[in-house]
Amino acid sequence: MSDWVNRRSWLKDLPWPASENAVSPLDTAEYELKAFFAARTDTAACQLVPDLKEGYELTKTQNGFLVRGGKTGVLYGAYALIRALSSFSPVPEGVQQPYYPLRMLDCWDNMDGTVERGYAGRSLWFEGGSFSYEPARIRQLGRMLSSVGINVLCLNNVNVHQPAQRLLDDLLEDTARFAALLRPFGVRLMVSVDFSQPLQQGLGTADPLDEEVQRWWADTAKRVWDRIPDLAGFLVKADSEHRPGPNTYGRTHAQGANMLARAIAPYGGFLVWRAFVYNCMQDWRDTKTDRPRAAYDLYKPLDGAFDGNVILQVKHGPYDFQVREPLSPLLLGMNSTALALEVQLAQEYTGQQIDLYAMPPMWREVFSQMGKERVRAVAAVSNLGRDGCWTGHPFAAVNLFAYGLFAWNPDSDPAAVIRQWARLSYALPKEQETRLSDMLLRSRSVYEKYTATLGLCWMITPNTHYGPNPYGYEFQAWGTYIRADRNAVGIDRTAQGTGYTDQYPSALRDLYASLDTCPDGLLLFFHRLPYDYRMRDGRTLIQRIYDDHFEGCAQAEEMANALSGLSLPAPDREEALKRMERQIKNAREWRDVVNTFFYRYTGVPDAHGRTIYP
Ligand code: GCV
């Protein structure tokens with residue numbers, strides 16, 4: 001058996017014989033509490049209060065605790081109690097309810113066992129074109145998700161490759177069996193579907209206004225929900241990066257989404273429609289088309305046209321999970337459409353679970369800018385795989401843990417969440433726990449400095465998305481340009497430029513459009529500036545670019561030192577050190593490639609005489 005058994009991240013090892021019998025989250029809650037309190041002198045009991053739904057309340061009793069909660073709330077309450085007691089944190093007081101009703105994990109798993117943008121090994125449940133998994137590990141997965149309140153798992157890649165359509169067809173029984181494994185943890189399945197499915201099944205069309213197509217989807221939905229009555233819904237990527245969609249038939253995205261939504265509405269299913277749509281065949285010579293504008297331009301006119309069970313899923317930024325992007329204007333501008341925020345735990349552009357990159361500070365920024373009331377759901381692209389520690393880098397587990405806690409409470413404190421994860425995962429001496437937590441807390445800003453300072457994203461190696469290549473995407477069709485020349489760098493996205501800033505409510509538009517108020521971290525995302533531009537602190541732009549790359553790399557080296565002094569258990573210590581070596585190599589490469597790139601354009605030497613290669 002693989003080494004995952006002894007490496008269960010923040011959850012303590014718990015053999016799971018009772019799982020065979022557990023049918024409800026209440027059973028699971030009772031089992032978890034019994035196991036946890038077996039080693040203690042106090043006790044805990046559960047009480048089902050259906051009205052609390054996903055909520056719970058923890059109260060102190062004479063001998064210990066009472067967990068009162070709704071159908072799944074009682075289990076979340078049990079986990080919250082265990083989490084608090086194990087990390088010596090205060091037990092939450094009063095009724096606790098999740099902020100977002102749908103807290104999803106989107107898995108980009110393919111049925112051949114690969115995971116698109118997966119950095120933690122092969123799929124946990126697919127191999128060779130079919131399901132293949134250890135049931136005990138899937139239960140442990142359910143336990144991990146439930147312990148931080150995640151309640152939906154989307155089973156397969158949004159790029160639906162053959163034979164994933166079989167999940168709802170001849171493999172439906174297997175899909176149902178998999179759903180049953182997660183049910184005792186309050187985790188419901190969702191499935192990604194291909195918009196052109198009816199066409200591929202021989203109907204001759206997938207036109208959403210065609211009655212036969214509508215009937216085909218309605219029949220499919222009936223068959224599927226008969227077998228899996230609590231299926232959460234379908235997830236769709238349409239007309240995006242060469243995926244099929246309603247545009248093929250001259251139909252709008254509202255027409256496409258509503259057709260599917262109506263097929264699944266009788267069963268209470270959600271139709272989650274991704275808003276990641278842009279022209280990926282752009283001519284780089286065209287300076288008018290601006291990729292960040294694309295989603296708002298397409299969907300804003302459709303606001304109000306979607307059915308009630310459609311959720312438009314929007315990536316947090318207008319590009320694609322870059323280290324720093326402004327909030328997508330769609331998240332602020334769709335007043336009559338249910339929205340889901342999409343984030344990416346898989347570190348596609350953020351170090352690929354090799355470089356340290358703890359996301360809580362980033363989400364704090366994202367959640368605090370978002371008109372939260374418009375957004376009904378959150379989704380995160382999974383960072384999990386078959387690796388022993390589940391997440392490639394053992395510390396990358398902090399991102400899954402924290403995602404769950406932020407989805408439950410978007411006002412969570414990044415530092416507290418990180419520390420709680422560190423404490424639950426490793427029983428380190430206090431001073432070391434602080435060192436680990438601090439390192440994680442600043443890891444994003446370190447990575448940002450050596451890869452994407454001032455909003456200069458996309459200088460990354462094409463396709464693989466690890467390592468520097470300032471020209472990699474510059475003359476490509478993907479619409480991802482920094483447009484550096486010998487005079488200036490960045491893109492003017494104000495009203496005088498591409499007009500992207502006009503997609504924001506006026507306060508944000510003005511903030512970003514003015515050089516006096518635009519945050520440094522997004523300066524070159526919003527503005528095109530000469531290299532001798534004076535930053536607010538008096539440095540020139542070119543010097544700031546050099547400084548950040550030198551500093552980011554030096555800070556990565558400091559993190560390596562701090563890491564080597566931590567008495568982490570094996571094999572996490574060896575794994576973390578090995579990955580840190582690769583991070584240092586990567587950081588040096590970024591520093592030298594990017595600094596050299598700009599030096600060659602400008603001929604300006606570093607003011608401090610540090611080495612830049614000619
Ligand atoms: C699933 C980016 C990634 C793709 C991904 C896509 C998406 O372009 O590189 O691998 O495809 O986003 O989110 O649909």
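Counting starts at 1 for both ligands and their atoms, following the listed order.
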Short side-chain donor-acceptor distance under 3.5 Å, D320 and Y349: yes
Below 4.0 Å, non-hydrogen atoms only: which portion of V381 touches ligand 1? Side chain, backbone, both or neither. neither
min-distance protein heavy atom vs atom 3 (C) of ligand 1 -> E348 OE2, 3.3 Å
Quick one: which of R243, R117, K315 has a heavy atom closest to atom 12 (O) of ligand 1? K315
Evaluate the side-chain contact (heavy atoms from CB on, under 4.5 Å) criterion for residues W458 and Y481: first the C-alpha distance (whole Å), next the side-chain angles of each, then the deciding distance (0.1 Å), finally the verdict. CA-CA 7 Å; W458 290 113; Y481 314 115; over 6 Å; no
Sub-4.0 Å atoms of ligand 1 with respect to non-hydrogen atoms of E116: 1 (C), 4 (C), 5 (C), 10 (O), 11 (O)
May I ask you to decide whether E581 forms a salt bridge with K585, counting only side-chain N to carboxylate O separations under 4.0 Å? no
Taking the side chain as every heavy atom from C-beta outward, state whether Y133 and F178 have any pair of such atoms under 4.5 Å apart. yes
Among all protein heavy atoms, pick the one closest to atom 2 (C) of ligand 1 and tell me residue, atom and distance. D320 OD2, 3.0 Å
Counting each atom of ligand 1 from 1 as listed, which ones have a heavy atom of F276 under 4.0 Å away? 6 (C), 7 (C), 8 (O), 12 (O), 13 (O), 14 (O)
Where is the nearest protein heavy atom to atom 1 (C) of ligand 1: which residue, which atom, and how far? N159 ND2, 3.2 Å
Assess whether a salt bridge exists between E127 and R386, defined as any Lys/Arg side-chain N lying under 4.0 Å from an Asp/Glu carboxylate O. no
Regarding R509 and the six-membered ring of Y504, is the cationic atom NZ or CZ under 6.0 Å from the ring centre and inside 45° of its axis? no
Looking at E474 and R483, is any side-chain nitrogen of the basic one under 4.0 Å from a carboxylate oxygen of the acidic one? no
Could you tell me whether R137 sits above the aromatic face of W390, with NZ or CZ closer than 6.0 angstrom to the six-membered ring centre and within 45 degrees of the axis? yes
Provide the number and element of each atom of ligand 1 under 4.0 Å from a heavy atom of K237. 1 (C), 6 (C), 7 (C), 11 (O), 14 (O)
Under a 4.0 angstrom heavy-atom cut-off, which atoms of ligand 1 come close to W108? 1 (C), 5 (C), 7 (C), 13 (O)
With a cut-off of 4.0 Å, which atoms of ligand 1 are near a heavy atom of V158? 1 (C)
For atom 8 (O) of ligand 1, closest protein heavy-atom neighbour: E241 OE2, 2.9 Å
So is R274 in contact with ligand 1, going by heavy-atom distances below 4.0 Å? yes
